[in-house]
*Asks:* 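Supplied in structure tokens, the structure appears directly below.
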Amino acid sequence: MKPILDTSSTHTADNAFQLRCGRHLLDLSFPRVMGILNVTPDSFSDGGQHVALDDALRHAERMLAEGAAMIDVGGESTRPGALTVSPQQELDRVAPVVEALVRELDALVSVDTSCPAVMREVSELGAGMINDVRSLEREGALAAAVSSGLPVCLMHRQGEPQDMQQAPNYHQPVEEAVVEYLARRVAECEASGLRRHRLLVDPGFGFGKTVEHNLRLLKYMQSLQSLELPVLVGMSRKSMIGNVLGRPVEERLSGGLALSAMAVERGANILRVHDVGETVDAVNMAWAVLQEGCEPLFNKESDA
Ligand code: 8Y4
């Protein structure tokens with residue numbers, strides 16, 4: 001009988017892989033968790049600017065204590081139908097948070113942005129990674145990313161956040177479209193001077209995809225291993241869970257943990273999630289099975 005998954009090659013080749021993220025070195029020899037920190041105004045109930053900053057800091061501190069390797073800060077809501085914000089608005093939201101996370105917590109900060117001005121500014125403030133759901137396709141973004149010196153996560157997406165969920169359609173198996181797009185984008189980035197060792201790839205769950213597309217994409221996620229780059233995935237609380245289980249957004253944790261374990265088995269290196277502590281346990285458990293042991297994870301210190 002054919003094995004369901006052939007894990008023999010994928011989980012041994014890139015052991016001891018390290019990613020330079022500004023002053024941090026991120027150890028990707030085992031699966032890592034990225035904690036989501038939203039700084040869009042709707043994420044905090046009320047109060048002035050410094051109250052929101054304090055809340056953000058405490059939330060980040062908790063995620064780091066729960067085992068997050070990094071914090072993803074986003075000032076532009078990329079949810080379907082969200083309003084667009086100006087670069088200045090985005091900078092005003094994100095910059096104070098990045099600055100505080102770096103200064104107060106010495107955190108490895110990833111910034112979820114498509115905006116060249118934001119990329120330039122946050123790299124000066126000590127951010128360690130750029131997470132662009134538009135894969136540096138905005139005018140000037142590729143050049144800004146190159147000069148930042150930071151690693152960049154390139155993500156597959158069909159359409160723009162405003163209309164991407166209207167009638168997602170693919171002319172080939174979705175995982176083939178995703179790998180094809182990412183391979184092309186990696187080549188374009190390399191041609192513009194963004195070196196390969198600074199790139200990560202992400203299949204972009206929920207970005208211009210039906211539930212069936214998302215489920216198939218996870219099932220065949222090992223096809224992304226052909227790109228030979230670290231893989232980041234974001235499925236936390238997304239509608240692929242809501243649609244399958246019939247759960248509202250606040251009841252999607254168990255579904256998300258199941259997906260995280262499956263993603264680890266299929267080679268995911270970084271999991272972008274809201275529920276850090278629970279996900280760290282789930283992925284460490286999945287990883288122990290793949291490794292047939294737990295030595296490297298027990299007492300694992302966070303990165304210097
Ligand atoms: C509930 C909560 C329902 C959040 C939906 C959502 C990804 C990402 C987003 C991803 C990478 C989101 C910024 C969408 N998703 N970045 N960002 N990969 N790299 N929706 O999958 O979380 S925002």
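Order of appearance sets the numbers: ligands from 1, and atoms from 1 within every ligand.
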*Asks:* For ligand 1, indicate whether the residue I36 contacts it via side chain, backbone, both or neither (heavy-atom separation under 4.0 Å).
*Replies:*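 No part of I36 comes within reach of ligand 1.
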*Asks:* For ligand 1, does V233 get within less than 4.0 Å through its side chain, its backbone, both, or neither, judged by non-hydrogen atoms?
*Replies:*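 It is neither; nothing of V233 touches ligand 1.
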*Asks:* Is ligand 1 less than 4.0 angstrom away from at least one heavy atom of H274?
*Replies:*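 Yes, H274 has a heavy atom closer than 4.0 Å to ligand 1.
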*Asks:* Below 4.0 angstrom from a heavy atom of V249, which ligand 1 atoms are there? Numbered from 1 as shown, please.
*Replies:*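 What qualifies from ligand 1 is 1 (C).
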*Asks:* Quick check: does any side chain N or O of R185 sit under 3.5 Å from a backbone N or O of S135, one acting as donor and the other as acceptor?
*Replies:*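 Judged by distance alone, yes, a pair lies under 3.5 Å.
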*Asks:* Heavy-atom distances under 4.0 Å decide this one: backbone, side chain, both or neither, for M235 against ligand 1?
*Replies:*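 Neither part.
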*Asks:* Below 3.5 Å, N or O to N or O, backbone or side chain included: is there any such pair between N131 and ligand 1?
*Replies:*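 Yes, N131 has an N/O under 3.5 Å of an N/O on ligand 1.
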*Asks:* What atoms of ligand 1 come within less than 4.0 Å of a heavy atom belonging to V133?
*Replies:*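 Heavy-atom distances to V133 below 4.0 Å select 8 (C), 13 (C), 16 (N), 17 (N).
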*Asks:* Out of M155, K238, E250, R272, whose heavy atom sits nearest atom 5 (C) of ligand 1?
*Replies:*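 That would be K238.
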*Asks:* Hey, which atoms in ligand 1 end up nearer than 4.0 Å to a heavy atom of D202?
*Replies:*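 Those of ligand 1 that fall under 4.0 Å from D202 are 10 (C), 11 (C), 18 (N), 19 (N).
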*Asks:* State whether the side chain of R266 and the backbone N or O of K219 hold a donor-acceptor pair below 3.5 Å, judged by distance alone.
*Replies:*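 At least one qualifying donor-acceptor pair exists.
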*Asks:* For Q89 and S86, indicate whether the former's side chain and the latter's backbone hold a donor-acceptor pair under 3.5 Å.
*Replies:*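 Side chain of Q89 to backbone of S86: a pair is present.
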*Asks:* Quick check: G234 and ligand 1, any N/O pair under 3.5 Å apart?
*Replies:*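 By distance alone, the answer is yes.
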*Asks:* Taking the six-membered ring for Trp and the full ring for Phe, Tyr or His, determine whether the centres of F207 and H156 are under 6.0 Å apart.
*Replies:*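 For F207 and H156, the ring centres are not under 6.0 Å apart.
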*Asks:* Please check if the side chain of R32 supplies one atom and the backbone of N269 the other of a donor-acceptor pair under 3.5 Å.
*Replies:*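 Looks like no, no N/O pair under 3.5 Å.
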*Asks:* Do side-chain atoms of K209 reach the backbone of Q158 as a donor and acceptor pair under 3.5 angstrom?
*Replies:*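 Such a contact is absent between K209 side chain and Q158 backbone.
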*Asks:* Are R216 and E212 close enough for a salt bridge, meaning some N to O gap below 4.0 Å?
*Replies:*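 So R216 does not pair with E212 through a salt bridge.
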*Asks:* Could you list the atoms of ligand 1 found under 4.0 angstrom from a heavy atom of D112?
*Replies:*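 Result: 13 (C).
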*Asks:* Ignoring hydrogens and geometry, is there a side-chain-to-backbone donor-acceptor pair from R93 to G75 under 3.5 Å?
*Replies:*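 Here the side-chain-to-backbone pair exists.
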*Asks:* Check ligand 1 against L232 and write out every atom of the ligand that is under 4.0 Å from a heavy-atom position of the residue.
*Replies:*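 With L232 as reference, the close atoms of ligand 1 come out as 19 (N).
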